[in-house]
Amino acid sequence: MSFLSKVWFVTHSASDLRRSIAEVRLLILMAIVVTFSIPVIYTFAGDTPLLLEPHNLIIDHSLPREEADTQIIAARRYDTFWNTGDETLVRSSLAPNFVDNTLPAGRPQGIAGPLAASRLMQLAIPDLRCEIEQMIVAGDRVVTHLRFRGHFTGRFGQIQGQGQTINFIATDIYRVADGRIAENWHIEDNLTLQQELGLIPK
């Protein structure tokens, strides 16, 4: 082997060695990332990608991560129910003995209440959509600030919608226990909603 060939061989081998070391380091780093990501991934439910994401999420960092994640998932499931009307979400997010502490007149207590309210809203506003503008997690409470949008093209009682734009807010306080919402306190901007529905003058 000529001198130049020997130089090329040594240089090429060193280059291959450096490349191999870099690849091994990359593989080790990827293994570390995957290893430490697995517990975080498994704290979330399988339906997580389908759930609404809060635009602004504020968490009390004294809460254990797993506890905070569980409360966030319960709240996101319930808020997504208002976006889609999917009854499986309300049943998976609310405790069997769920209590509405600000129950409107005529609405049944327990899980039946949100189901009835959602059906009524979907009949009046078929394209109703909900967004989570803010979510605050502290202790066993989750506060969500929601915005509802759509068009009044259906019927609300005896009133037929004419396509009026709907845009109102609501705020909920959830108490979460054992991964489900046990209690709720809520207030909606009913003045704006009734004006938009044409029930009262603006």
Quick one, Val143 and Thr171 - any side-chain contact, counting heavy atoms below 4.5 Å?
yes

Check whether any side-chain heavy atom of Asn167 sits under 4.5 Å from a side-chain heavy atom of Arg147, and report yes or no.
yes

Side-chain heavy atoms nearer than 4.5 Å, only ILVMFWY residues, links allowed to pass through others: does that put Ile169 and Phe148 together?
no

Report yes or no: does Glu131 contribute a side-chain atom to a donor-acceptor pair with the main-chain N or O of Arg149 at less than 3.5 Å?
no

Does any N or O in the side chain of Gln71 come within less than 3.5 Å of the main-chain N or O of Gly139, such that one atom is a donor and the other an acceptor?
yes

Might you work through the side chain to side chain contact (heavy atoms under 4.5 Å, CB included) test for Val142 and Ile136, ending with a clear yes or no?
CA-CA 6 Å; Val142 179; Ile136 303 167; over 6 Å; no

Could you tell me whether the side chain of Ile159 reaches within less than 4.5 Å of the side chain of Leu199, counting heavy atoms only?
yes

Residue among Ile181, Ile187, Thr144 satisfying side-chain contact (heavy atoms from CB on, under 4.5 Å) with Asp172
Thr144

Please check if the side chain of Arg180 supplies one atom and the backbone of Arg91 the other of a donor-acceptor pair under 3.5 Å.
yes

For the pair Ser118 (side chain) and Leu115 (backbone), establish whether a donor and an acceptor sit closer than 3.5 Å, ignoring hydrogens and angles.
no

Distance from Thr88 atom OG1 to Arg77 atom CZ, nearest 0.5 Å?
9.5 Å

Spacing of CD belonging to Gln134 relative to NE2 belonging to His145, to within rounding of 0.5 Å
6.0 Å

Got a donor-acceptor contact below 3.5 angstrom from the Asp140 side chain to the Val176 backbone?
no

Would you compute the distance between atom CG of Asp79 and atom OG of Ser93 and round it to the nearest 0.5 angstrom?
8.5 Å

Should we count CG of Asp178 as having more than 12 external heavy atoms under 6.0 Å?
no

Val137 and Ile58, any side-chain heavy atoms less than 4.5 Å apart
no

Glu133 and His55 side chains, donor-acceptor separation under 3.5 Å:
no

Heavy-atom closest contact (Ile72 atom, Met135 atom, distance)
CG2-SD, 4.1 Å

What pair of heavy atoms forms the shortest contact from Thr153 to Pro126, and how long is it?
OG1-CD, 3.3 Å

So which heavy atom on Ile59 is nearest to which on Ala68, and how close?
CG2-CB, 4.1 Å

May I ask whether Leu120 and Leu94 are part of the same hydrophobic cluster, defined by side-chain heavy atoms of I, L, V, M, F, W, Y residues being less than 4.5 angstrom apart, directly or through others?
yes

Is Glu87 salt-bridged to Arg119, cutoff N-O under 4.0 Å?
yes

Tell me whether the rings of Tyr78 and Tyr174 are parallel (<30°), tilted (30 to 60°) or perpendicular (>60°).
perpendicular

Please examine the side chains of Thr84 and Leu89, heavy atoms only from C-beta on, and report whether any two atoms are closer than 4.5 Å.
yes

Would you check if Leu193 and Asp189 make a side-chain contact, meaning some heavy-atom pair closer than 4.5 Å?
no

Could you tell me whether a side-chain N or O of Thr102 sits under 3.5 Å from a main-chain N or O of His186, the two making a donor and an acceptor?
yes

State whether Glu53 and Arg76 are salt-bridged, where the test is any N-O pair (Lys NZ or Arg NE/NH1/NH2 against Asp/Glu carboxylate O) under 4.0 Å.
yes

With no hydrogens and no angle check, just 3.5 Å: does a side-chain donor-acceptor pair link Asp100 and Asn184?
no

Whether the side chain of Thr80 engages the backbone of Leu52 through a donor-acceptor N/O pair (distance < 3.5 Å, no angle test) should be reported.
yes

Please work out which of the three classes, parallel, tilted or perpendicular, describes the rings of Phe152 and Phe156, given edges at 30° and 60°.
perpendicular

Provide the closest heavy-atom pair for Ala95 versus Ala182 in the form atom of the first, atom of the second, distance.
CB-CA, 4.1 Å

Residues Ala170 and Glu188: closest non-hydrogen pair is CB-CG, 3.7 Å

Would the distance check show the side chain of Gln160 and the main-chain N or O of Gly154 forming a donor-acceptor pair, the cut-off being under 3.5 Å?
yes

Taking all heavy atoms of Gln122 and all of Trp82, pick out the closest pair and write down the distance.
NE2-O, 4.2 Å

Sub-3.5 Å donor-acceptor pair from the side chain of Asn83 to the main-chain atoms of Cys130, do we have one?
yes

If we ignore hydrogens and angles and just use 3.5 Å, is the side chain of Glu196 paired with the main-chain N or O of Gln194 as donor and acceptor?
no

Cluster overlap Leu57 with Ile132, hydrophobic side-chain contacts below 4.5 Å
yes

